[in-house]
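Below is one structure; the comments refer to it alone.
Here is the naming used below: chain letters follow the sequence lines, and residue numbers restart at 1 for every chain.
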There are 2 protein chains.
Amino acid sequence: MSLDRATMDERVPRDFETLRTTILERRESLPKRIAQIAAHALDNPDDIAFGTAASIAASAGVQPSTLIRFAQQLGFDGFTSLQQVFRERLRERNSSYDERLQALRVKAEGGAGHRAIFDGFVAAASTSLNDISRTLDEAHLEDAISLLAKAETIYVLAKRRSYPVASYIAYALGKLKIRNQLIESAAGLNAEMIGFATPADAVIAISFSPYAPATIEEARSISEQGVPIVAITDSSFSPLAQFAKVWFEVAEADFAGFRSLSATMALAMALTVGVGEKRRDTGRKRKA
Amino acid sequence: MSLDRATMDERVPRDFETLRTTILERRESLPKRIAQIAAHALDNPDDIAFGTAASIAASAGVQPSTLIRFAQQLGFDGFTSLQQVFRERLRERNSSYDERLQALRVKAEGGAGHRAIFDGFVAAASTSLNDISRTLDEAHLEDAISLLAKAETIYVLAKRRSYPVASYIAYALGKLKIRNQLIESAAGLNAEMIGFATPADAVIAISFSPYAPATIEEARSISEQGVPIVAITDSSFSPLAQFAKVWFEVAEADFAGFRSLSATMALAMALTVGVGEKRRDTGRKRKA
DNA sequence: TATCGATTGGAATTATTATTTCATATTCCC
DNA sequence: GGGAATATGAAATAATAATTCCAATCGATA
């Protein structure tokens, strides 16, 4: 039987991905208990990495011997060498994300050359995305999208650092054929523009500390007209938060004095596309 | 001696951070060999998690028994329970970058609710950052920064989807007190603006497929005036690439029909801040 | 420098854990 | 439905690994 293994499976999966693929390929042809372990292994790779043959077998509902047969079918010479693959995976994955970021930061702080600057911005953006992905409040997202989807016109309000986000929102809304108005006019016509907004409209306002006074002022005045505001800002103390019906707290990491926009951008696009989808759905329902 | 442990160390560190702190606190008061292991443990936590007492002891250059004494000094009842802490740490670590991205993509494709859309954009942004971090050509970066640092005025040229990047570059250049001109005029004065540019100036042009015809046209005409162009675009077939002195290929992942801007943003900021630094350095040299 | 306590090394012991074996059950094919 | 091949369960065995023990060494102190 060791001959069989040697002839049939000359190449033993050495890394987790290969192993995973191999298992999935053979899934159909595996005997019941072996398949049971295979499923368990792919679902709980950490348990395989740390458990003992007995404990794993128990939690998969099979005998330890079956676990060993599973390993052998895959070409390993026992459970131990199968386990190595699962352990290797954990080792490598730790070195991947956090350490890579860490490495980028170190390089960035080490400060040799312009590559370091670039790494710093990449690290800041990654960190920001990571944070927002963890902290975003799903209910807020739903609320904001509902609110914006009902609006006749969506006004987009942001200056200075946040302006690029506003301009991308406006671009995307335009592509989705959603009526919108970017409040940016250098010609000082903002007050007039804002005057046209009604409670049937809505505003997306974006501002981070130090808050551009014009943004705050315009947000105040537009909210006094009864126009609902969705705000993206950086803390609950932000003046924008008090005017807003729904607001998001986005913590952007900074580098070299410039904050990342990546998290804000992701959120902005989610809002925009979310509104687009919601309108399509509502449209369909009305027709039906 | 078990009494000592019970009375002296009632609280055994249960998580890695506490353990780490505890070790660092006691570092001074530890006997030589124990300290040796302590250092090794903090430096190679993965080895502690996966190794056997014997293998760890060997690679730390001590006897297995010392390793156990180390664990006991910390209040554990043996190596095994100390090891648990190191294993727990690996389990709790956020899953790897790729896996997390994968999870985001799956959620995004599963498509339930608006959170999925958000996840999709975060995944796209992360992917893009990841790619550019791997593929950015350092020499190009240096060339581009040198070129831009020498310019009297930096013109920034981008439309539509790329416009937000241009506006952020303009904002950042402004903050760094670097003379710049954003070519965006809706009033159709671009041709005139471009006419002012001379070979002593430089251009940052950004355009992705489908290339905005206006951007291409303006890039052509400005390059014919002998103004050097730094381009950010998406392939070597891009019409921008042929006009440019230096060009960067940036592959942005897209989601729901909108491409991420995160990689382009990071590169743009690196260029901007890089130019700022280079000018400061040159300024200092001139004075000295 | 002699002595006591703490520390260390190394082998012996104990424990845990992987693997093998074999009897039994199941499945598949004729 | 009978029989061979395959799969499974459970316990025995082999292996590996953790822990303990004791003698040797080191270091401070009187």
Side-chain angles (χ1 to χ4, degrees), chain A residues 1-9 12 23 26-41 46-88, chain B residues 1-9 12 23 26-41 44 46-87:
Chain A
M1 46 322 224
S2 70
L3 184 70
D4 284 2
R5 245 191 284 131
T7 47
M8 291 175 60
D9 278 319
V12 179
I23 291 175
R26 303 199 191 164
R27 185 199 282 266
E28 296 306 319
S29 67
L30 292 174
K32 196 172 71 171
R33 293 270 115 113
I34 307 267
Q36 199 170 320
I37 288 196
H40 182 84
D46 289 10
D47 291 343
I48 311 287
F50 292 123
T52 66
S55 72
I56 295 164
S59 83
V62 301
Q63 292 290 323
S65 45
T66 309
L67 181 49
I68 285 155
R69 288 179 198 123
F70 169 61
Q72 290 174 339
Q73 284 224 359
L74 290 167
F76 298 96
D77 49 54
F79 164 71
T80 310
S81 31
L82 168 70
Q83 192 177 42
Q84 286 313 110
V85 174
F86 283 79
R87 293 187 164 181
E88 208 44 52
Chain B
M1 42 329 227
S2 71
L3 185 70
D4 283 1
R5 246 190 286 134
T7 49
M8 290 174 62
D9 278 322
V12 179
I23 292 174
R26 301 199 194 163
R27 185 198 281 266
E28 295 307 319
S29 66
L30 292 175
K32 194 171 73 171
R33 294 267 115 114
I34 306 270
Q36 199 170 321
I37 288 196
H40 182 84
N44 310 61
D46 289 9
D47 291 344
I48 311 287
F50 292 122
T52 68
S55 73
I56 296 164
S59 84
V62 301
Q63 290 293 321
S65 45
T66 308
L67 179 50
I68 285 156
R69 289 179 195 121
F70 169 61
Q72 291 174 340
Q73 283 223 2
L74 290 167
F76 297 94
D77 49 54
F79 165 70
T80 310
S81 32
L82 168 70
Q83 192 178 41
Q84 286 313 108
V85 175
F86 283 78
R87 293 187 163 182

*asked:* Starting the side chain at C-beta, find the nucleotide from dT19(C), dT8(C), dT19(D) nearest to T80(B).
replied: dT19(D)
*Considering all heavy atoms of both residues, which atom of I37(A) and which atom of A60(A) are nearest to each other, and what is their separation?*
CG1-CB, 4.4 Å
*When you measure from the side chain of R69(A), which nucleotide among dC22(C), dT19(C), dT19(D) comes out closest?*
dC22(C)
*Look at the side-chain N and O atoms of Q72(A) and state whether any lies under 4.0 Å from the OP1 or OP2 oxygen of dT19(C).*
no
*Report the nucleotide, chosen from dT7(C), dT19(D), dG9(D), that has the shortest atom-to-atom distance to any side-chain atom of I68(B).*
dT19(D)
*Does anything in residues 53-61 of chain A reach DNA chain D, meaning a heavy atom under 4.0 Å, and if so which residues?*
none
*Could you tell me the separation between the CZ atom of R87(A) and the CG atom of L82(A), rounded to the nearest 0.5 Å?*
11.0 Å
*Without swapping roles, check the side chain of Q83(A) against the backbone of G51(A) for a donor-acceptor pair under 3.5 Å.*
yes
*Taking side chain to side chain contact (heavy atoms under 4.5 Å, CB included) as the test, write out the residues that go with I68(B), two or more places apart.*
Q72(B), F79(B)
_Least distance between heavy atoms, R26(A) atom then Q73(A) atom_ = NH1-O, 3.1 Å
*asked:* Distance check needed: dT7(C) P versus Q36(B) CD, whole Å only.
replied: 15 Å
*F79(A) side-chain proximity, nearest of dG9(C), dT19(C), dA18(D)*: dT19(C)
*If a pair satisfies side-chain hydrogen bond (donor to acceptor under 3.5 Å, both in side chains) and one of its residues is in residues 28-37 of chain B, list it, with sequence neighbours excluded.*
R33(B)-Q36(B)
*So which one's nearest nucleotide on DNA chain D is more toward 5', S65(A) or K32(B)?*
S65(A)
*Write down the distance between CD (Q83(B)) and P (dA15(C)), rounded to a whole number of angstrom.*
19 Å
*More 5' along DNA chain C: S29(B) or Q63(B), using each one's nearest nucleotide?*
S29(B)
